Amino acid sequence: MGLYVPVATLSVYAVPSPPASRMRSFSARLGVLLVLLALGAHSRAALGAGRSADPAAAPPASAESPVRGVVWTPPASPDSALHELARIDRLGATAVRLTRLPSDTVAARAAALDLALYVDLPVRYVPAARLGDALQAAAPSLARLRPLARRHASITHVGLAHGAATTAPDACAALRRWTARVHGWTRPLRTYYVTPFPPGADRCAPSVDRVLLDVRGHPAPAEHWRDWRSQTTPVGIGAVGTWVWPSAPSGLRSPHSPERQARYLEGTLSRLLDSTRASSPVLFVSHWRDRTDRVLSTRRYGLHRASGPPRPAAAVVRGFYTGTQRVFAFPAGSAPRTAPYVLLLLGWGLFGLLGALYARSLFVRQTVARYFTAPGFYRDALRDGTDLHPGANALLLGIVAGALGITGVRVAQMAGVHLATEHVLAALPPPVQGVLSSGIAQPAWAGLMLGGLALVLLGIWGGTLVLMARWRSSFALAQGLVLVAWPCW
């Protein structure tokens with residue numbers, strides 16, 4: 001109506017009029033023209049915006065809003081999966097990294113909750129030369145993911161590999177080929193891989209759209225991410241957190257207790273989401289719930305126990321993701337008991353037994369002198385086969401097995417707390433994984449197995465020597481025992 005009145009007025013006064021009236025008529029016409037041009041430009045902009053809203057052409061949500069999520073393995077039951085997904089949404093997460101393909105129901109609910117899904121393919125810890133074959137074997141999973149992504153806008157990224165040997169050019173070529181393949185879809189997805197390697201060793205960052213770092217248990221995840229960001233972009237954090245020992249007592253004073261896990265995440269998230277607020281990374285906390293894994297099953301990363309109850313770390317993640325809390329208090333608990341000095345006492349016991357044997361046995365003293373300073377006399381005494389003291393040699397063999405057993409216990413204890421152990425075991429064949437994981441979880445069992453295996457192998461060696469020597473001449477078992485026991489020292 002506001003535009004109609006001036007036009008009508010202009011039409012009335014269009015007849016010859018004084019010069020001032022003509023000037024007013026010209027100004028009114030010019031104003032109407034400018035208004036029409038502005039309306040046309042606005043309409044074209046609106047049409048252009050509608051065209052750019054196509055989900056295939058729109059940038060992923062991670063480019064528009066912060067990505068805060070968790071690593072999640074969806075339960076097999078649809079009801080349980082939807083219930084957990086709703087709880088993840090209430091946690092304040094904006095994304096979820098899935099360790100397996102989602103169902104239609106999960107993808108649809110994620111879209112309704114405005115959660116972006118990062119989906120891992122089943123390609124884990126493969127050498128560079130086999131990465132292409134592993135991706136080809138995962139092609140059926142990728143084929144199932146393609147129609148899912150076409151139906152559900154929540155699926156935005158696909159993970160091509162986790163822990164692969166991306167330090168070699170062969171791996172980069174395979175990742176580049178499969179990234180191009182995914183980009184060729186009707187609705188292309190972004191690609192990523194998850195790596196535990198430092199930026200100086202990893203060489204495949206340009207082959208995908210994003211690199212995600214596996215920094216579980218890392219003493220300084222924020223600094224590790226900044227080192228990566230200084231050399232390549234974009235880079236995010238695919239898994240951050242530390243493990244809980246099932247048998248650890250409660251309290252901050254206890255290593256790998258639930259409270260220590262929560263404190264670790266509090267410090268890590270504070271550095272990642274505060275000091276770098278202007279450019280905080282894509283971030284996934286590992287893991288939503290404990291899962292059964294044959295690789296170091298005693299390491300539990302979950303924000304929730306497998307049975308369901310949350311750990312204190314869940315409250316920490318919720319506070320940071322929702323912006324409601326950044327400082328937390330946890331009970332200190334009681335100081336852990338001093339570790340028993342069993343291994344130290346056993347080691348000194350073996351050392352004392354060896355010293356007593358040297359002091360009380362003339363045979364041992366003579367053989368030590370002959371073996372290390374006069375090998376000819378040692379060979380003559382062994383050839384004669386007289387006064388070889390089988391008991392002393394058997395005791396020496398037992399001391400060797402005991403020393404190896406103590407070494408095995410200590411190595412298992414050190415491997416149990418080392419950051420790289422999990423990645424090394426995951427790259428080994430499954431049978432070897434199972435044996436080594438059991439030994440690391442039970443160091444005493446590892447020591448007994450190593451000591452017993454040493455005795456068995458040395459016994460087989462000695463028996464083989466005796467049988468082969470008896471083919472040509474007489475050779476006593478005591479002589480074979482000397483041949484086995486003394487070279488061990």
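All values derive from a computational prediction rather than experimental measurement.
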Side-chain donor/acceptor of Arg151 to backbone N/O of Ala107, under 3.5 Å: no

Side-chain touch Phe197/Thr166, heavy atoms, less than 4.5 angstrom: yes

Single hit among Arg144, His152, Arg146 for side chain to side chain contact (heavy atoms under 4.5 Å, CB included) with Leu148: His152

Donor-acceptor contacts, no H, no angles, side chain residues 170-182, under 3.5 Å, sequence neighbours left out:
{"from": "Thr179", "atom 1": "OG1", "to": "Leu175", "atom 2": "O", "distance (Å)": "2.8"}
{"from": "Thr179", "atom 1": "OG1", "to": "Thr191", "atom 2": "OG1", "distance (Å)": "3.1"}
{"from": "Thr179", "atom 1": "OG1", "to": "Ser207", "atom 2": "O", "distance (Å)": "3.0"}

Spatial distance of atom CD1 (Ile237) from atom NE2 (His224) [nearest 0.5 Å]: 8.5 Å

4.5 Å side-chain heavy-atom contact, Asp202 and Val211: no

Over 12 non-hydrogen atoms of neighbours within 6.0 angstrom of NE2 in His418: no

Whether Gln433 side chain and Leu428 backbone form a donor-acceptor pair below 3.5 Å: yes

Value rounded to 0.5 Å, distance of CG in Leu425 from CG in Leu436: 6.0 Å

Side chain proximity check, Val194 to Tyr192, heavy atoms < 4.5 angstrom: yes

For Thr186 against Pro188, the heavy-atom pair lying closest together: O-CD, 3.4 Å

Close side-chain approach of Pro169 to Arg203, heavy-atom, < 4.5 Å: yes

Heavy atoms of other groups near Trp461 CH2, more than 12 under 6.0 Å: yes

Side-chain touch Leu131/Leu135, heavy atoms, less than 4.5 angstrom: yes

Arg260 side chain to Leu252 backbone, donor-acceptor under 3.5 Å: yes

Positive for salt bridge (charged side-chain N to carboxylate O under 4.0 Å, His left out) with Asp290, one of Arg299, Arg305, Arg311: Arg311

Note, Leu142 side chain near Leu121 side chain (heavy atom, < 4.5 Å): yes

Beyond-backbone contact of Arg216 with Thr242, side-chain heavy atoms, under 4.5 angstrom: no

Backbone of Pro66 reached by a side-chain donor or acceptor of Thr94 within 3.5 Å: yes

Aromatic ring pairing Tyr118/His157, orientation class (parallel under 30°, perpendicular over 60°, tilted between): parallel

Under 3.5 Å, which donor-acceptor pairs link side chains of residues 72-83 to any protein atom two or more places apart or in another chain?
{"from": "Trp72", "atom 1": "NE1", "to": "Glu84", "atom 2": "OE1", "distance (Å)": "2.7"}
{"from": "Thr73", "atom 1": "OG1", "to": "Thr99", "atom 2": "OG1", "distance (Å)": "2.6"}
{"from": "Thr73", "atom 1": "OG1", "to": "His287", "atom 2": "NE2", "distance (Å)": "3.4"}

Side chain to side chain contact (heavy atoms under 4.5 Å, CB included) assessment of Trp225 paired with Val215: CA-CA 9 Å; Trp225 171 68; Val215 292; over 6 Å; no

Heavy-atom side-chain contact between Thr156 and Leu117 under 4.5 Å: no

Check: Ser286 side chain, Val71 main-chain N or O, donor-acceptor pair, under 3.5 Å: no

Row check, Phe330 ring normal vs Arg263 NZ/CZ: under 6.0 Å, within 45°: no

Donor-acceptor side-chain pairing of His162 and Tyr193 below 3.5 angstrom: no

Main-chain N/O of Gly434 paired to Ser437 side chain as donor or acceptor, under 3.5 Å: no

Under 3.5 Å side-chain donor-acceptor pair for His304 and Arg87: yes

Heavy-atom closest pair, residues Ala93 and Leu115: O-CD2, 3.2 Å

Other residues, nucleotides, ligands: >12 heavy atoms within 6.0 Å of Gln413 CD: yes

Spatial distance of atom CD (Glu422) from atom CD1 (Ile440) [nearest 0.5 Å]: 10.5 Å

Flag, side chain of Gln261 to backbone of Tyr301, donor-acceptor distance under 3.5 Å: yes

Polar side-chain atom of Ser257 near backbone of Gly251 as donor-acceptor pair, under 3.5 Å: yes

Pairs meeting criterion salt bridge (Lys or Arg N to Asp or Glu O under 4.0 Å) with involvement of residues 108-133, two or more places apart: Arg97-Asp120

Minimum heavy-atom distance between Val123 and Ala138, given as atom pair plus value: CG2-CB, 3.8 Å

Mutual orientation of the aromatic rings belonging to Trp243 and His256 [parallel < 30°, tilted 30-60°, perpendicular > 60°]: parallel

Main-chain N/O of Val327 paired with Gln325 side-chain donor or acceptor, under 3.5 Å: yes

Considering all heavy atoms, the nearest Pro281-Arg68 contact: O-NH1, 3.1 Å

Point-to-point distance, once rounded to the nearest 0.5 Å, from CG of Leu91 to OG1 of Thr322: 8.0 Å

Expected output: side-chain Glu266 to main-chain Phe328 donor-acceptor under 3.5 Å: yes

Atom pair CG (Leu212) and CH2 (Trp228), whose distance is rounded to the nearest 0.5 Å: 10.5 Å

Contact summary for Ala313 and Leu303, nearest pair of heavy atoms: CB-CD2, 3.7 Å

Nearest atoms (heavy-atom pairs only) where Ala110 meets Leu85: N-CD2, 3.7 Å

Distance in Å, Leu283 CG paired with Phe320 CZ, rounded so as to fall on 0.5 Å steps: 11.0 Å

